[in-house]
Amino acid sequence: MRSPVLAAAAVLLFVPTVAACGDDSGDEGGSPPPQPSVETTSKAGDATEPADPAAAEKAVRANWEKFFDPAVSLRDKEAVLENGAEMRQVLRSFSGDERGKQVRARVAKVEFTSAKDADVTYALTLKGATALPSASGTAVNQDDTWKVSVKTLCALVKLSGNKSPGPGC
């Protein structure tokens, strides 16, 4: 059985292709490709940011980009994914796909919603071309490390049309 994460890789490849194809109606304007979106958190309570927001933002950016870097090992990606060990099967499939090895992320904005949560706006690129220009996701501070949330990975998998994203989603 193929892993559901192959579907996530497929979305990264096919969303730009489908958007470029348009339809047969002759409408050249088209609409932008769908964006992965996770439910963002709302600011509440007194602790709306980490003790050192600049250092936390730097860590979020670095770990987000590390997670989507094709050159990074599975073990290192697991370390910057929320519940990484539990998501190993999804990561293994994603990292093993040749197309998945061509995807990178560029973080545009980090907005802290609590001392341990942040909303992240990012662009996904495929072979250097922007595939998803303003995707949204979340980062969480787990075990004193800022990590890509499981919600973010699962949203990407679901965007591919896979109704059953896999264990952990």
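Quick note: numbers below take in every heavy atom, side chains included, and nothing from hydrogens, waters or symmetry partners.
The shortest distance between side-chain heavy atoms of E57 and F112 falls below 4.5 Å. Residues V107 and V120 have side chains in contact (heavy-atom distance under 4.5 Å, counting atoms from C-beta outward).
Partners of E86 by side chain to side chain contact (heavy atoms under 4.5 Å, CB included), not counting sequence neighbours, listed by chain and number: N83. For K58, the side chain to side chain contact (heavy atoms under 4.5 Å, CB included) criterion is met by no residue, not counting sequence neighbours. Listed by chain and number, the residues in a side chain to side chain donor-acceptor pair (under 3.5 Å) with E78 are R88 (sequence neighbours excluded). Among residues two or more places apart in sequence or in another chain, the side chain to side chain contact (heavy atoms under 4.5 Å, CB included) test is passed with A105 by W64, F68, Y122, L124. In this structure E82 satisfies the salt bridge (Lys or Arg N to Asp or Glu O under 4.0 Å) test with no other residue, sequence neighbours excluded. Applying the side chain to side chain donor-acceptor pair (under 3.5 Å) rule to E65 yields no partners; only residues at least two apart in sequence or on another chain are considered.
Interatomic distance, K116 NZ to E49 CD, rounded to the nearest 0.5 Å: 14.5 Å. K109 contributes atom NZ, which lies 11.0 Å from atom OG of S136 (distance to the nearest 0.5 angstrom).
Both V103 and L81 are members of a single hydrophobic cluster when ILVMFWY side chains are connected at heavy-atom separations under 4.5 Å. Residues V150 and V148 fall within the same hydrophobic cluster, defined by Ile, Leu, Val, Met, Phe, Trp and Tyr side chains chained together at heavy-atom separations under 4.5 Å.
Between the side chain of T121 and the main chain of A108, no donor-acceptor pair closer than 3.5 Å is present. A donor-acceptor pair under 3.5 Å is absent between the side-chain atoms of N63 and the main chain of V80, judged by distance alone. Put simply, the side chain of D143 never gets that close to the backbone of T145: no donor and acceptor are under 3.5 Å apart.
P50 approaches A56 most closely through the heavy-atom pair CG-CB, 3.5 Å. Closest approach of K66 and D76 over heavy atoms only: CD-O, 4.3 Å. Scanning all heavy atoms of the two residues, the minimum distance from A59 to W146 falls at CB-CD1, 4.0 Å. Between T152 and G137, the closest heavy-atom pair is OG1-CA, 3.4 Å. A pairwise comparison of heavy atoms in S149 and T138 identifies OG-OG1, 2.6 Å as the closest pair. A79 approaches K147 most closely through the heavy-atom pair O-CE, 3.3 Å.
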Discussion item. Side chain to side chain contact (heavy atoms under 4.5 Å, CB included), that's the test. Do V140 and K151 meet it? Break it down for me.
Written reply: CA-CA 10 Å; V140 297; K151 291 189 308 185; over 6 Å; no
